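All values below come from the heavy atoms of this structure, side chains included, with hydrogens, waters and symmetry mates left out. This one's a predicted model, so the numbers in the text were calculated from it and none came from an experiment. Letters A, B, ... are given to chains in the order of the sequence lines, protein chains preceding strands, and every chain is numbered from 1.
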Protein chains: 2
Amino acid sequence: MKESSKEWSLSKQDERLGLLLWFRISRIYNQSIRQSNQHLKKWELSAAQFDVLVQVGSHERLSQQELADKLFVTKGNITQLLSKMEQMGLIKREQEWKTKYLSLTEKGRELFQEVVPQQEQFQAAQFSGLDEEEKKQLLQLLRKIQHKQRKE
Amino acid sequence: MKESSKEWSLSKQDERLGLLLWFRISRIYNQSIRQSNQHLKKWELSAAQFDVLVQVGSHERLSQQELADKLFVTKGNITQLLSKMEQMGLIKREQEWKTKYLSLTEKGRELFQEVVPQQEQFQAAQFSGLDEEEKKQLLQLLRKIQHKQRKE
DNA sequence: AGTCATTAGTTTAATACTAAACTTAAGTAG
DNA sequence: CTACTTAAGTTTAGTATTAAACTAATGACT
């Protein structure tokens, strides 16, 4: 073993593993997103809109920037998503000084009640191949990756 | 009103873990893609184009459908990606009967030599927060998820 | 007050990706 | 040969997403 090697010069073996990991993760992510989109069609929602619904529905006085941060997307993306969802009558934007605070409309709240439990169950079921212990392990490993990523 | 049947609370716990997992995975995926896109700017390539370059460069007589399967995207997506890359002079499409076989042009091969090793290293480095043992473990867990996913 | 930096959100132009409908070529069965 | 089916690729219309440039409000510093 070579603990002396610097972090940025990976061994060939480590590099191969990293690539395999990347490949697996993309595959799982893409598959999940696709399945979620299919599942959400029942309610005429997309996965992205669902994510907004969840966040706005479960936080008071969320600003657009905060929402963007929670979802790890750009604020430009949020602007566009929200315009659509405002049109659909799900979301309200209330300006207060510089900031627009978000909340669900009555219709949005109803949809939230209806769809969130079902969709969460569906999404969680993607990981039903693992038992509780394995999920915890996986979560731990993913956290480590993110921790590192953040610093770069 | 505490509904404390063992099974019920266990599955609730599992559901929470599943959601956390989904959230972590999206975040890691999105972050990685974004960083890859940035890194690939040097060569005026996108992450999607890079993936095509790798696959076409390392397989003989790949059809478009096969490429789509390898990358887990739709063939419609592939058609569009390839049109662009053909225009850029990186890829050749040769029709034989019903099928179009793909290969790199001279320019494509040069780019392949130049960019693939560097980008692979970059991509693998996203997982440098884990040691070799942990990577293997993670890979194992992801494989299990995929295995289950495929069946649904 | 006047200038400068920061912050929230919007706009724009581009790529990526999907689902679904479509076209065309083969392969198969009567 | 005609009709049906399947397979490869294309097209279309729509969403998602980004980066970068922009607008406008806020707040400091001098």
Exercise for the section: Please determine, for the side chain of B:Asn77, which listed nucleotide (C:dT11, C:dA16, D:dT17) has the closest atom? Expected result: C:dA16

Practice task
Whole angstrom is fine here: how far is it from CZ in A:Phe72 over to P in D:dT18?
Solution key: 12 Å

Handout entry: Any A:Thr74 side-chain N or O less than 4.0 Å from OP1/OP2 of D:dT18
Key = yes

Completion exercise
Which of D:dA19, C:dA19, C:dG9 is nearest the side chain of B:Arg34? It is D:dA19

Practice task
Quickly work out the A:Tyr29 OH to C:dA16 C1' distance and round it to whole Å.
Solution key: 12 Å

Practice task
Look at all strands and tell whether A:Thr99 reaches a base, only sugar-phosphate, or nothing, counting heavy atoms closer than 4.0 Å.
Solution key: sugar-phosphate

Handout entry: d(CD, B:Gln65; P, D:dT6) in whole Å
Key = 16 Å

Problem - Given D:dG9, D:dA16, C:dC17, the nucleotide with the shortest approach to the side chain of A:Ala48 - result: D:dA16

Practice task
Check every atom of C:dA19, D:dT17, D:dT15 against the side chain of A:Ser46 and return the nucleotide holding the closest atom.
Solution key: D:dT15

Exercise for the section: Could you pick out which residue, A:Gln95 or A:Lys84, lies toward the 5' side of DNA chain D when each is mapped onto its nearest nucleotide? Expected result: A:Lys84

Practice task
Grab the NZ-P distance between B:Lys100 and D:dA7 for me, whole Å please.
Solution key: 19 Å

Exercise for the section: Determine whether any donor atom in the side chain of B:Lys75 lies under 3.5 Å from an acceptor atom in the base of D:dG9, or the reverse, and answer yes or no. Expected result: yes

Completion exercise
Rounded to whole Å, the CG-P distance (B:Asn37 to C:dA14) equals 17 Å

Fill in the blank from the handout: Ranking C:dC17, D:dT10, D:dA19 by distance to the side chain of B:Val73, first place goes to C:dC17

Practice task
Respond yes when some side-chain nitrogen or oxygen of B:Lys41 is under 4.0 Å from OP1 or OP2 of C:dT15, and no when none is.
Solution key: no

Practice task
Would you indicate whether the side-chain heavy atoms of B:Leu141 and B:Ile145 approach each other to under 4.5 Å?
Solution key: no

Problem - Gap separating the CD atom of A:Gln126 from the CG atom of B:Leu19, nearest 0.5 angstrom - result: 10.5 Å

Handout entry: Side-chain N or O of B:Arg93 closer than 4.0 Å to phosphate OP1/OP2 of D:dT10
Key = yes

Exercise for the section: May I ask you to say what B:Gln38 touches in the nucleic acid, namely base, sugar-phosphate or nothing, with a heavy-atom cut-off under 4.0 Å? Expected result: sugar-phosphate

Practice task
Give the rounded distance in Å between these two atoms: CD1 of B:Ile78 and P of D:dT12.
Solution key: 19 Å

Handout entry: Minimum-distance nucleotide to A:Gln80 side chain [options: D:dT17, C:dC17, D:dG9]
Key = D:dT17

Practice task
Identify whether any heavy atom of B:Tyr101 sits under 4.0 Å from a base atom; if not, whether one sits that close to sugar-phosphate; answer base, sugar-phosphate or nothing.
Solution key: nothing

Problem - Ring centroid separation A:Phe23 to B:Phe72 under 6.0 Å - result: yes

Problem - Proximal nucleotide (of D:dT6, C:dA20, C:dC17) relative to the B:Lys98 side chain - result: D:dT6

Problem - Distance below 4.0 Å between A:Thr79 side-chain N/O and C:dG9 OP1 or OP2 - result: no

Handout entry: B:Gln95, CD atom: more than 12 neighbouring heavy atoms under 6.0 Å
Key = yes

Exercise for the section: Using atom types as modelled and distance alone, determine if a side-chain donor or acceptor of B:His59 lies under 3.5 Å from a backbone N or O of B:Gln55. Expected result: yes

Exercise for the section: Respond yes when some side-chain nitrogen or oxygen of B:Gln64 is under 4.0 Å from OP1 or OP2 of D:dA7, and no when none is. Expected result: no

Problem - Within the 6.0 Å centroid threshold, strictly below: B:Trp22 and A:Tyr29 - result: yes

Exercise for the section: Could you tell me whether A:Glu44 atom CD has more than 12 heavy atoms of other residues or ligands within 6.0 Å of it? Expected result: no

Problem - Atom pair distance, as rounded to whole Å: CG in A:Leu62 and C1' in C:dA8 - result: 13 Å

Practice task
Nearest whole angstrom, please: distance from the P of D:dG9 to the CG of B:Leu67.
Solution key: 10 Å

Exercise for the section: Classify the nucleic acid contact of A:Leu81 as base, sugar-phosphate or nothing, counting any heavy atom under 4.0 Å across all strands shown. Expected result: sugar-phosphate

Exercise for the section: Identify which nucleotide among D:dT10, C:dA20, C:dA16 has an atom closest to any side-chain atom of B:Gln49, counting heavy atoms from C-beta outward. Expected result: C:dA16

